Trainee: 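I am attaching a structure below and will ask some questions about it afterwards.
Every chain is numbered from 1 and lettered A, B, ... according to where its sequence line falls, protein lines coming before strand lines. Note that these values count all heavy atoms, side chains included, but never hydrogens, waters or copies made by symmetry. Everything quoted here is computed from the prediction, not taken from an experiment.
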Amino acid sequence: MAEITQINDRYDPSSVEVKWYKWWEEKGYFKCEETSTKPPFCIILPPPNITGQLHMGHALDHTIQDVLIRYKRMMGFNTLWLPGSDHAGIATQSVVEKQLKKEGLTRQELGRESFVKRTWEWKEQYGNQIIEQMKRLGDSCDWERHTFTLDDGVSKAVRKVFVNLYKKGSIYRGNRLINWSPALGSAISDLEVEHKNTKGQLWHIKYPLADGSGEVVVATTRPETMLGDTAVCVHPDDDRYKSFIGKFIELPLVGRKIKIIADEYVDKSFGSGVVKITPAHDFNDYEIGKRHDLESINLLTRDGKLNENAGEAYEGLTVKQAREQVVKDLEALELLVKTEPHEHSVGHCGRSGCVVEPFLSEQWFVNTKEISIPAKRVVESGTTVFEPEKWIKTYLHWMNNIQDWCISRQLWWGHQIPAWYCQDCEFITVSEKDPVECEECKSENLKQEDDVLDTWFSSALWPFSTLGWPEETESLKTFYPTSVLVTGQDIIFFWVARMMMLGLEFVGDVPFRTVYIHGLVRDAQGRKLSKSLNNAVDPVELIDQYGADALRFTLMSQIGSGRDIKFSMQRLEGNRNFMNKIWNAARFTLSNLEGYEVPAGGTEAIANKSDLSYADQWVIQKCGECEKKIEEALSQNRFTDAANAIYSFAWHEFCDWYLEFSKPILYGENLNEKQATRTVMLQTLNRLLRMLHPFAPFITEELYQKLPLKGEAIIVDSYPTVKEDKSWLESGSAEVAFDLDLVREVITAVRNIRGENRIKPGIKLKAILDPKDDKSQKILGENKTYIVSIAGLGECEVSKPESLSQCAVTTVRFGDVEVDVVIPLSGIVDINDEVKRIQKSVEKLEKEQSQLSSRLSNEKFLSKAPEDVVELGRKQLEDYKIRIASMREALQRLKS
RNA sequence: UGGCUCGUGGCUCAGUUGGUUAGAGCACCACAUUGACAUUGUGGGGGUCGCCGGUUCGAAUCCGGCCGAGCCAACCA
């Protein structure tokens, strides 16, 4: 064991983490078995964008998954954590376009083919950065199965799904009003629009009647869209305007004659009660337009400028410029009645941040009505459960109001839609394989759709496309449905809902049994982490500084209720210290093994149980209790409870008490006892490390490998459970644990007297322990040596004190036993401190006594409360009386 | 506007079906340093459980109302 003493007294993660990760990978510990007799456990990693850098959200998300995977792996499951990455159409294309811009190029100049090639090159060069960062965190993914959303297999699945849905009519192409991001030059889905409250203005504009008989005033937040007005609308019951219905307006600036129509959509009380209708540029107006068969006039080009329909005066202007110009022109015509400030919400593009324009265009859609029905049912029935449950409501509400999903994007990077337009007959051929001829007219003059699919379309197939679908692979059979999906609440609709719909549609079963939804990582003040607030923390930097284990443990000890977590450096430091504590506990254990020989049966065997110290039996008992707590917690995904159980067992039981209790034995001469304690110490440490491993994989492997007796690797060793440890735990004892807990209380009482009277630790006190019953008499007698050494006493006797004069007295009550701890203070301290201490306790007890006594004199309480509660109260009151009396006595004697 | 969540010592949170004295970690204060660890040890102070009302012998816990914070969805041009 010579090398043990060379262990540094500080844990240095940087020298440890990379080494073990590499070793695990080389040994193939992360790999699953395709078929196995072990039960399967599978998690599909939400694939990060290839443009992404690991952020705190990933750190949280991945740690949860890795804890689950490592735990299940140790529990004997055939675990698969399947990693991947997402081509991230918009994000990646933007990055490459920016790169081109630096060279003075545009993607249009480059052409589609070269641009896509260039993007692949970018991906090869930079796309794996996040994977390296994930490895730093300790993610134990089966890397050989890493899948990219544009891989051949996945692309094949994408085409098959698209074609099937098209053939059954669930995918259709249509000219509809969609959300258009001018900055991206592409359609985006409803979900990608972020509504932000914006301070704008409400312009009141006169619209003269075409026959010159008067005018109406419309109120609008977007005056420039009047150029595309095709009607004016009032409420049918609005007496102010009834007579106008059916008449015509001569639209200012344009001169077009538009009709005044009536629709109940109009709110009489808002604005002027008259609404201009622009079907091509507003979703509500679009609906009204459909109801009233109005013409839609599109005013915009794809890059967000006004087109020829806006008229010569406005063509080519941006929306903002056009708005200013229109207002100016209206003012000149004296048609602007008034302008008032008005706050309303404006849709912004989630990707580029630009203002989204409702835009009429040809797009591809998934009709979700039908496929959403089974996806609702499986959640209602509990086939897939959500944790926490509250998200079921959110999910179902969205599913019940689901809109058709716009899946086409005017981008180049992604899955090009497998639809070919016949240049001769206009028929659309949709096919898994590139067709050579038109299905309808057999013309070979085909042109493939330019648009690509929404990135989320391929993501929606992820749980089965990554397992080999549409082939009937062993992997698919073994691992689908996957066990649990771990993700943030922000992508329940984007991703979870869609995986549900398509998984059920194409594989016929739910994609996952459980959806575990966690919150966001926020800063210590609870703000979102963002670059603009300058409060973003880089998990990789934290790992460099504090170690991955500390970071992981911090996150896991905070996710408790599934709410957002407030990340603080203080906590991280605290957990770095915890890792150091573990490190030193191991260092202490290992450095006390000189001359130790591993027993013949391994550390599981204890030669003679009678050699076990009370502390040994106590710690075995506590270890078993900890195992039980963890098991309960992890079976319900209560990671925080599990983390806390280990923390408190490791620090406050193993280190604070067990190692202290054991020092006299370790430094003593009784070789049999010493051997037994060393064995128990090693056994407990070994289990402690295994319990901690899923949360802190690196330090635990490092220390595990230093143990004199161990398996091949902690990562593939078994997880300690009450069941597995049955025979070992039998060496513990609940009775002895009770005894030692009483001893701990007594020691704490001595320390308490010492502390409150400010008696220096160097002063060896005498303590008289006065047991009030046979049981405690016996316990104290047997454990006196522990008390003397740990409480730092000079002398200790178990007896009735002759006099309490000038003594500090504390009554220790534990379970059904009671002990008075008496410490003569004469000549040691200023008695006033002790008087104050006791007076304080008396006051506290008296307050409690009076509360209890008034409760017990309440007849209603006596008649209605259950017997045992009343009985308990009575006993307690008696107890209070005795304790107060004895304290008063002590006070008297102290003063005398 | 609707839905959801939360409000417990300075901070972050526990508190299972109402029942002894409301817990923990961090922070704070005091004391301690030659033998695992100052990234440490020991002890201590600090809470009328957001407010009001109700149910009950008894409420942090159940019910109603109010106030405050946050999130999601929708939205009046």
Trainee: Between A:Asp879 and A:Lys875, is there a salt bridge with N-O shorter than 4.0 Å?
Mentor: no
Trainee: For A:Thr220 and A:Leu191, take the nucleotide of RNA chain B holding the closest heavy atom to each; which residue's nucleotide lies nearer the 5' end?
Mentor: A:Leu191
Trainee: Treat a base pair as Watson-Crick or G-U wobble with both distances under 3.5 Å, then lay out RNA chain B in dot-bracket form, 5' to 3', with | for cross-strand pairs.
Mentor: (((((((..((((.....[...)))).(((((.......))))).....(((((..]....))))))))))))....
Trainee: Would you say A:Lys393 places a side-chain N or O within less than 4.0 Å of OP1 or OP2 belonging to B:A73?
Mentor: no
Trainee: If you measure from the C1' atom in B:G35 to the same atom in B:C28, how many Å do you get, rounded?
Mentor: 31 Å
Trainee: Between B:G70 and B:G53, how far apart are the two P atoms, rounded to whole Å?
Mentor: 28 Å
Trainee: Measure the distance from CD on A:Gln570 to C1' on B:U12 and round it to the nearest whole Å.
Mentor: 10 Å
Trainee: Is a donor from one side chain sitting under 3.5 angstrom from an acceptor on the other, for A:Glu192 and A:Ser189?
Mentor: yes
Trainee: How would you label the contact of A:Lys840 with the nucleic acid (heavy atoms, under 4.0 Å): base, sugar-phosphate, or nothing?
Mentor: sugar-phosphate
Trainee: Between A:Lys528 and A:Asp523, is there a side-chain N and carboxylate O pair less than 4.0 Å apart?
Mentor: no
Trainee: For B:U21 and A:Arg855 - does any side-chain N or O of the residue sit under 4.0 Å from the phosphate oxygens OP1/OP2?
Mentor: yes
Trainee: Here's one to test your reading of the geometry: is the NZ or CZ of A:Arg10 within 45 degrees of the ring axis of A:Trp583 and under 6.0 Å from its centre?
Mentor: no
Trainee: Assign each of A:Asp879 and A:Lys566 to its nearest nucleotide of RNA chain B by heavy atoms, then name whichever residue's nucleotide is nearer the 5' end.
Mentor: A:Lys566
Trainee: Could you tell me whether A:Lys706 and A:Glu702 make a salt bridge, using a distance below 4.0 angstrom between a side-chain N and a carboxylate O?
Mentor: yes
Trainee: For B:U16 and B:U8, measure between their P atoms and round to the nearest Å.
Mentor: 16 Å
Trainee: What heavy-atom pair brings A:Ala808 and A:Leu825 nearest, and what distance separates the two atoms?
Mentor: CB-CD1, 3.5 Å
Trainee: Using a cut-off of strictly less than 4.0 Å, decide whether A:Tyr667 has a side-chain nitrogen or oxygen near OP1 or OP2 of B:A36.
Mentor: yes
Trainee: Students often get this wrong, so: under 4.0 angstrom with heavy atoms, is A:Glu756 touching a base, only sugar-phosphate, or nothing?
Mentor: sugar-phosphate
Trainee: Just the rounded figure in Å: distance from P of B:G25 to CE of A:Met556.
Mentor: 21 Å
Trainee: Report yes if the distance between the aromatic ring centroids of A:Phe270 and A:His342 is under 6.0 Å, otherwise no.
Mentor: yes
Trainee: Out of B:G43, B:C6, B:U12, which nucleotide sits closest to the side chain of A:Arg563?
Mentor: B:C6
Trainee: Quick one: is B:U21 close enough that its OP1 or OP2 comes under 4.0 Å of any side-chain N or O from A:Lys847?
Mentor: no
Trainee: Which nucleotide in the list B:G15, B:C75, B:C31 gets nearest to the side chain of A:His195?
Mentor: B:C75
Trainee: Quick one: closest heavy-atom pair of A:Thr554 and A:Arg571, and the distance?
Mentor: OG1-O, 3.9 Å
Trainee: Taking only the side-chain heavy atoms of A:Asp267 (C-beta and beyond), determine which of B:A36, B:U21, B:A77 contains the nearest atom.
Mentor: B:A77
Trainee: Scan A:Cys233 against the nucleic acid and name what it touches under 4.0 Å (heavy atoms): base, sugar-phosphate only, or nothing.
Mentor: nothing
Trainee: With a 4.0 Å cut-off on heavy atoms, is A:Arg874 in touch with a base, just the backbone sugar-phosphate, or nothing at all?
Mentor: nothing
Trainee: Of the nucleotides B:C31, B:U21, B:U20, which one has an atom closest to the side chain of A:Gln876?
Mentor: B:U20
Trainee: Is any N or O donor-acceptor pair between the side chain of A:Ser345 and the base of B:C75 shorter than 3.5 Å?
Mentor: yes
Trainee: Output the distance between atom CD (A:Glu287) and atom CG (A:Asp282), rounded to the nearest 0.5 Å.
Mentor: 10.0 Å
Trainee: For residues 863-872 of chain A, which residues have at least one heavy atom under 4.0 Å from RNA chain B?
Mentor: A:Lys864, A:Ala865, A:Pro866, A:Val869
Trainee: What nucleotide among B:U12, B:C31, B:A77 has an atom nearest to a side-chain atom of A:Arg571?
Mentor: B:U12
Trainee: I'd like to know if the side chain of A:Asp9 pairs up with that of A:Asn584 as donor and acceptor (distance under 3.5 Å, no hydrogens or angles considered).
Mentor: no
Trainee: Nearest to the side chain of A:Glu660, heavy atoms from C-beta on, is which of B:C72, B:A36, B:G19?
Mentor: B:A36
Trainee: Rounded off to whole Å, could you give me the CH2-to-C1' distance for the A:Trp391 and B:G3 pair?
Mentor: 11 Å
Trainee: If I take atom CG in residue A:Leu862 and atom C1' in nucleotide B:G58, what distance separates them, rounded to the nearest angstrom?
Mentor: 12 Å
Trainee: Taking atom C1' of B:C37 as reference, at what distance in whole Å does atom CG of A:Leu703 sit?
Mentor: 13 Å
Trainee: Can you check nucleotides 38-42 of chain B for protein contacts, nitrogen or oxygen pairs under 3.5 Å, and list what you find?
Mentor:
unit_1: B:U39; atom_1: OP1; unit_2: A:Arg10; atom_2: NH2; d: 3.0
unit_1: B:U39; atom_1: O4'; unit_2: A:Asn577; atom_2: OD1; d: 3.0
unit_1: B:U39; atom_1: O2'; unit_2: A:Asn580; atom_2: ND2; d: 3.1
unit_1: B:U39; atom_1: O2; unit_2: A:Arg576; atom_2: NE; d: 3.3
unit_1: B:U39; atom_1: O2; unit_2: A:Asn577; atom_2: OD1; d: 3.3
unit_1: B:U39; atom_1: O4; unit_2: A:Arg10; atom_2: NH1; d: 3.4
unit_1: B:U40; atom_1: OP1; unit_2: A:Asn577; atom_2: ND2; d: 3.2
unit_1: B:U40; atom_1: O3'; unit_2: A:Lys581; atom_2: NZ; d: 3.3
unit_1: B:G41; atom_1: OP1; unit_2: A:Lys581; atom_2: NZ; d: 3.3
unit_1: B:G41; atom_1: OP1; unit_2: A:Trp651; atom_2: NE1; d: 2.4

Trainee: Sticking with atom C1', work out how far B:A27 lies from B:G10, rounded to a whole angstrom.
Mentor: 7 Å
Trainee: Are the aromatic rings of A:Trp391 and A:Tyr395 close, with centres under 6.0 Å apart?
Mentor: no
Trainee: Pick the P atom in B:U21 and in B:U12, then give their distance to the nearest Å.
Mentor: 29 Å
Trainee: Determine the interatomic distance between P on B:A59 and the same-named atom on B:C52; round to the nearest Å.
Mentor: 14 Å
Trainee: Do the numbers put A:Lys663 on top of the ring of A:Phe588, so that NZ or CZ is under 6.0 Å from the six-membered ring centre and no more than 45° off the axis?
Mentor: yes
Trainee: Are any of the side-chain nitrogens in A:Arg291 or A:Asp263 under 4.0 Å away from the carboxylate oxygens of its partner?
Mentor: yes
Trainee: Could you verify whether a donor N or O on one side chain and an acceptor N or O on the other, from A:Tyr546 and A:Asn575, lie under 3.5 Å apart?
Mentor: no
Trainee: Counting only side-chain N and O atoms of A:Arg587, is one of them less than 4.0 Å from OP1 or OP2 of B:C37?
Mentor: yes
Trainee: Specify the separation, in whole Å, of atom OH of A:Tyr880 and atom P of B:U20.
Mentor: 11 Å
Trainee: Tell me the interatomic distance from A:Ile753, atom CD1, to B:G44, atom P, rounded to whole angstroms.
Mentor: 11 Å
Trainee: Rounded off to whole Å, could you give me the NE2-to-P distance for the A:His397 and B:A73 pair?
Mentor: 11 Å
Trainee: Hey, does A:Lys875 reach any base, or is it just sugar-phosphate, or nothing, if we go heavy atoms under 4.0 Å?
Mentor: nothing
Trainee: So, A:Lys566 versus A:Ser568: side-chain donor-acceptor pair below 3.5 Å or not?
Mentor: no
Trainee: What integer number of Å spans the C1' atoms of B:A36 and B:C26?
Mentor: 24 Å
